[in-house]
Amino acid sequence: MTLPLTGREIPLITDEWADPSLGTGCVKITPAHDPNDYEVWQRHREIGAVNVLNSNGTIAAQGPYQGLDRFAARKRIMADLDAQGLVEKIEDRTIEIDHSDRSKTIVEPWLSKQWFVHMADVDGGIVMGRGTSKEFHSKGLAQAALDATAGALPAFADGTKRAQVMFHPDQDRYRKMYDQWLAEKRDWCISRQLWWGHRIPVWRGDLPTQHLLMLAPMLKGQLSRDDVAAWIVLPDGTRLSVADAITRLQQPNAPQSIEVQICFRDESADATTGPMLQGAGLELDPDVLDTWFSSALWPHSTLGWPHPETAKVDAGQPSLGGKDGHKSALDYWYPGSCLVTGRDIITLWVARMVITGLYNLGDVPFSSVFLHATILDGKGERMSKSKGNGIDPLDIISRYGADALRYVVCELQTGTQDIRLPVQAISPFTKEGEPERLIDLATAKPGPYLGTFLDPVTKQPMDLIGQYAKEGLTPAKATSDRFAVGANFCNKLFNAARFAFLNLEGSTFVARKAGDLPLEDRWILSRLAKARAAVHGSLSDYNPAAAIAVAREFFWGELCDWYLELIKPRFRPETDANERAIAQQTLAFVLDQTLRLLHPFVPFLTETLWQSLRSLAPVRGIEAPLSDSELIVHAKWPEAGTARIDAEAEAAVAAVQQWCAAIREARASYQVVPRARIGVRIQATGALATLLQRGQGLLAHMAGAESIAIGADQQPTKDSATVVIGDGKAYLLGVVDLDKERDKLGKQAEKLRQQIQSMEQKLGNEGFRAKAPPQVIAQQEESLAAMRQQVAGIEQRLREL
RNA sequence: GGGCGAUUAGCUCAGUUGGUUAGAGCGCCUCCCUUACAAGGAGGAUGUCGGGGGUUCGAGUCCCUCAUCGCCUACCA
């Protein structure tokens, strides 16, 4: 057939690609400009492939359109076809076209030569870690990386197992992502057309066949060396070793011209031998390596691979080589333990690091991969510099502090859930003296350019990416008030420590048995031991948010809210010196351990407080002195201290807390002035009475009671408010309004009756009785009995009123 | 189109193998500047756990389905 536009003769072929249901069922094929047409070309090599475009988007093909921009050419082509009367119909059709993310330009497919890394299995297998003590064989690169996560890599020569690469916090999910991608074993295109990066170390060029044959005797010697790889590519794409090529090219019908490709193992050869190759018409490939190729080398290249002894280091840094019997940096640090990265990086980078580590060193670069969540903006979109919806950590640091940033980021990392972090712009249009105005970027109207937003008050555009100074736009910074949580935490920690420091003057260490300490001391030591275990457990589970929640609850909810308040009386001037000394010793110990526990989350503040603590209480401990350290960053992680777990103390303080909360609630609902100290009588018998008597003083102190009397014979006065918990009753003297009291107790009883009813229904269900585990049934029966008892107590009190 | 996830309080998120009345922080309401802390304290309100089906004595949790959203990947002249 003749192509009407250029008069070129083109073949007519049949192929499954053409769809008879679309248009005429006939379609032009442009293998160099369409991935599907490219596939057609692979099936019909005779049609050839013409690269229609130049790299700048103008028409390359000879003819009337040469040099025209592609958009202009398309219009011209339509006009020309129309002029020739060849256009029957024009239909609108929606198609999807790729656009460059950065420039938004339409991406045009373009035929070009690229380098690929062969990922699939290779006949005879490949050698991994060649020449190292960890050398082993694998079927192929991708397969080796699959074996790494399957735990299927062969053992080392000495019989020890190679590490299995494990994913956290969701091994199944993330390993599946990794495995599914690798299982395709698709070749990895490593050529990139960028002006920066690691240049692909291959010399190539077209040579006349005669030229190559003349050089043959010399090449045979040079190119069979182990440190040079060389190939000859025939015009039909066949790729041969130099020796095979020379044999082949001496036969009749040999092509006139061939392509030569040479790669030196040692990159210095590019400089020494390069000029000679250039003279022969070869050039170093102008493309650079894929970012991920260079990045894949990071775990070992940063440690001086392949020669740590001679690896370049910055001025003032020690050599990476080993000496005096010490290992080199590479031997010491490789393999590493844990890689922390994002989910989208699993295939791009993690898999490739495993591949290059196994290939170059015969070992995995790390055994654990911790995938953190992705931080998104308030709309659920990825933060991006060009969109201006991101936050600069340095801005957060200057606004809230480095510890606040770290604390909140740890707190956000809960598991596999992506994190929405609403972003606000700080309005640059507030006047002197006006309060700062934060503008939520999720709802703000976009400005005239990408990365700009309108200030809703002044309607002026703000530049969030600092790119529009020329256009006269005012730059604005982004922040997120979520980080205030971290700053508040630091403030609380600072103040709690300050309270301790104000009272630790003259603190000494005397070996004591934890069991001999006062109730509140035994309690906080017990809680500390449990918090320590829980924080440790959560960190081991790669769950920083859970760890920080436990640490926070211990520090704020138990140490500050209860323990510091409970021991205040012991620091009063009139207190016995020994009691004070014990309080100091326990406080110093607990603060020591708390600082260590919080150090991973707020390192700078804990480091500062550590210095003060050390100078005020140089020796800290209970049974024995703790190990000390000049810097907390070097200090040992808090000791397990499980021996200090004290169920009895915990039960007593838990009772104090429960009754205190109930008394406070009653005080609040009767609007008792917070500072007023009231009389309290608690009617209780048996175990409850014993428990409350242990914590009697503490309860009085914390509940703002002038005095607390506890006993079976305690009776209310007429003006008492009543608090009923279980089979005990507390009477708050002189606070009551009778109507209000009846109303309150009536509501409480009603709520309890509803719960009792639903519980009775459940327990009366034969299916439940027959099938539920006995301990669940027992538990529910127990709680039903307790609720019935409580209701009875309330009803009795109501009758009395 | 394929794959992997998500949907719980106004907001951001927890909720372990199914088991009492579903939690936290922020925000909100009331009271309090009490000699560590108002960036704080005491108390309080707020949820048909995305919709619909199913399994079970029992479902936020397991299964199916629909809706919406996100990520990875492919992509029809």
Side-chain angles (χ1 to χ4, degrees), chain A residues 17-19 22-30 34-37 93 95-98 170 173-174 176-177 180-181 184 342-344 346-348 373-374 376 378-382 400 404 408 411-412 414-422 440 442 480-482 484-503 541 543 545-546 549 552-553 557 560-561 564-565 568 572 660-661 664-669 671-675 702-704 751-752 754-755 758-759 762-763 765-773 775-777 779-784 786-787:
Chain A
W17 173 240
D19 183 348
L22 290 169
T24 60
C26 294
V27 61
K28 56 96 181 142
I29 298 294
T30 49
D34 182 279
N36 290 299
D37 289 6
R93 180 83 58 89
I95 57 170
E96 285 182 28
I97 293 175
D98 276 339
D170 188 341
R173 177 179 168 193
Y174 296 132
K176 208 193 255 178
M177 285 174 68
Q180 283 180 352
W181 183 82
E184 292 183 26
R343 206 172 42 234
D344 49 335
I346 292 175
T347 53
L348 288 174
T374 311
L376 309 171
K379 282 193 223 167
E381 293 176 3
R382 262 186 113 82
Y400 296 103
V408 171
E411 194 185 40
L412 293 175
T414 56
T416 56
Q417 176 67 32
D418 281 345
I419 300 152
R420 280 195 192 209
L421 185 65
D440 181 14
S480 176
D481 53 17
R482 292 283 300 277
V485 170
N488 291 354
F489 181 85
C490 291
N491 180 58
K492 186 74 176 177
L493 177 56
F494 175 82
N495 279 301
R498 193 156 75 106
F499 168 79
F501 298 154
L502 287 172
N503 291 292
D541 286 344
N543 192 338
R552 181 190 201 279
E553 176 53 28
C560 291
D561 288 352
L564 295 186
E565 296 301 330
K568 275 180 181 172
R572 287 189 192 128
C660 181
R664 282 171 174 174
E665 187 188 335
R667 288 179 60 123
S669 80
Q671 282 155 348
V672 177
V673 184
R675 305 171 75 168
M702 295 299 283
K751 199 173 169 191
L752 278 165
Q754 278 172 16
Q755 285 170 17
S758 91
M759 189 73 82
K762 188 175 206 175
L763 285 164
N765 183 327
E766 281 179 26
F768 177 74
R769 290 240 166 237
K771 294 184 183 174
Q775 68 269 26
V776 172
I777 297 175
Q779 188 187 36
Q780 307 224 352
E781 276 175 338
E782 209 173 291
S783 97
L784 176 62
M787 285 191 289

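A, B, ... follow the sequence lines: proteins, then strands. Residue 1 opens every chain.
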Item to check | Ala661(A), nearest nucleotide to its side chain (from rG40(B), rG43(B), rC72(B)) | outcome: rG43(B)
Checklist entry - With sugar-phosphate meaning primed atoms plus P, OP1 and OP2, does Arg667(A) contact a base, only sugar-phosphate, or nothing at under 4.0 Å between heavy atoms? => result nothing
Item to check | Minimum-distance nucleotide (side-chain atoms of Gln180(A) versus rU12(B), rG3(B), rG40(B)) | outcome: rG3(B)
Checklist outcome for this item: On RNA chain B, more 5' by nearest nucleotide between Cys660(A) and Val27(A) is Cys660(A)
Item to check | rC13(B) to rG1(B) separation - P atoms, rounded to the nearest Å | outcome: 27 Å
Next on the checklist: Please classify the nucleic acid contact of Lys568(A) as base, sugar-phosphate, or nothing, using heavy-atom distances under 4.0 Å.
Outcome noted: base
Item to check | Touch class at under 4.0 angstrom, heavy-atom based, for Glu565(A) against every strand present | outcome: base
Item to check | Within 6.0 angstrom of Phe494(A) CZ, more than 12 heavy atoms from elsewhere | outcome: no
Checklist outcome for this item: Among the nucleotides rG25(B), rC76(B), rG43(B), whichever has the atom closest to the side chain of Arg664(A) is rG43(B)
Item to check | Arg552(A) side chain vs Phe489(A) backbone, donor-acceptor pair below 3.5 Å | outcome: no
Checklist entry - For rC69(B), does either OP1 or OP2 sit under 4.0 Å from a side-chain N or O belonging to Lys379(A)? => result no
Checklist entry - Within the structure, does a side-chain N or O atom of Thr414(A) lie under 4.0 Å from either OP1 or OP2 of rC13(B)? => result no
Checklist entry - When rounded to the nearest Å, what value does the distance between P atoms of rG58(B) and rA67(B) take? => result 30 Å
Next on the checklist: Is it true that, when you exclude Gln671(A) itself, more than 12 heavy atoms of the residues, nucleotides or ligands shown sit nearer than 6.0 Å to its CD?
Outcome noted: no
Next on the checklist: When the P atoms of rG60(B) and rU55(B) are compared, how many Å lie between them, rounded to an integer?
Outcome noted: 16 Å
Item to check | Closest to the Ala668(A) side chain, choosing from rU12(B), rC76(B), rG43(B) | outcome: rG43(B)
Next on the checklist: In whole Å, I'd like the distance from the CG atom of Asp418(A) to the C1' atom of rU7(B).
Outcome noted: 13 Å
Next on the checklist: I'd like the P distance from rC33(B) over to rA38(B), given in whole Å.
Outcome noted: 13 Å
Checklist entry - Expressed in angstrom and rounded to an integer, what is the separation of Ile419(A) atom CD1 from rG5(B) atom P? => result 19 Å
Next on the checklist: Just to be sure I understand the rule, does Asp481(A) reach a base, reach only the sugar-phosphate, or reach nothing, if contact means heavy atoms closer than 4.0 Å?
Outcome noted: nothing
Next on the checklist: In whole Å, I'd like the distance from the CG atom of Asn495(A) to the P atom of rC37(B).
Outcome noted: 6 Å
Checklist entry - Within the structure shown, what part of the strands sits under 4.0 Å from Ala496(A) by heavy-atom distance: base, sugar-phosphate, or nothing? => result base
Item to check | Which nucleotide in rC32(B), rG19(B), rU21(B) has an atom nearest any side-chain atom of Pro674(A) | outcome: rC32(B)
Item to check | Closest nucleotide among rA36(B), rC71(B), rA39(B) to the Asn491(A) side chain | outcome: rA39(B)
Checklist entry - Donor-acceptor pair under 3.5 Å: do we get one between Lys492(A)'s side chain and the base of rC37(B)? => result yes
Checklist entry - Considering only side-chain heavy atoms of Arg173(A), which listed nucleotide, rG43(B), rC4(B), rA36(B), is closest? => result rC4(B)
Checklist entry - Roughly, in whole Å, what's the span from CG in Asp170(A) to P in rA6(B)? => result 9 Å
Checklist entry - So which heavy atom on Ala487(A) is nearest to which on Ala404(A), and how close? => result N-CB, 3.4 Å
Checklist outcome for this item: Where RNA chain B forms runs of at least three Watson-Crick or G-U pairs (i with j, i+1 with j-1, under 3.5 Å), the stems are B:1-7 with B:67-73, B:10-13 with B:23-26, B:28-32 with B:40-44, B:50-54 with B:62-66
Checklist entry - Counting only N and O atoms by type, is there a donor-acceptor contact under 3.5 Å from the side chain of Arg667(A) to the main-chain atoms of Val673(A)? => result yes
Checklist entry - Counting side-chain heavy atoms from C-beta on, which of rC37(B), rU12(B), rA6(B) comes nearest to Gln417(A)? => result rA6(B)
Next on the checklist: Please tell me if Asn488(A) has a side-chain N or O lying less than 4.0 Å from either OP1 or OP2 of rG40(B).
Outcome noted: yes
Checklist entry - Where each residue is assigned the nucleotide of RNA chain B containing its nearest heavy atom, which of Gly415(A) and Leu784(A) is assigned the position nearer the 5′ end? => result Gly415(A)
Checklist outcome for this item: Quick note, Arg675(A) side chain, CB onward, closest among rC4(B), rU34(B), rC13(B) is rU34(B)
Item to check | Nearest-angstrom distance, P atom, rU12(B) to rC31(B) | outcome: 30 Å
Item to check | Nearest to side-chain heavy atoms of Arg482(A), which nucleotide of rG43(B), rU12(B), rC4(B) | outcome: rU12(B)
Checklist entry - NA contact type, Cys560(A), heavy-atom cut-off 4.0 Å: base, sugar-phosphate, or nothing? => result base
Item to check | Value in whole Å for how far the P atom of rC37(B) lies from CZ of Phe489(A) | outcome: 18 Å
Item to check | Whole-Å C1' distance, rG52(B) and rU16(B) | outcome: 28 Å
Checklist entry - What is the nucleic acid contact for Val485(A), judged by heavy atoms within less than 4.0 Å: base, sugar-phosphate only, or nothing? => result sugar-phosphate
Item to check | Atom P, compared across rU73(B) and rG15(B): separation rounded to whole Å | outcome: 28 Å
Checklist entry - Looking at Val408(A) and Arg482(A), what are the two nearest heavy atoms and their distance? => result CG2-O, 3.8 Å
Item to check | Rounded distance in Å between the C1' positions of rU8(B) and rC49(B) | outcome: 4 Å
Checklist entry - Which part of the nucleic acid does Leu376(A) contact within heavy-atom distance under 4.0 Å: base, sugar-phosphate only, or nothing? => result nothing
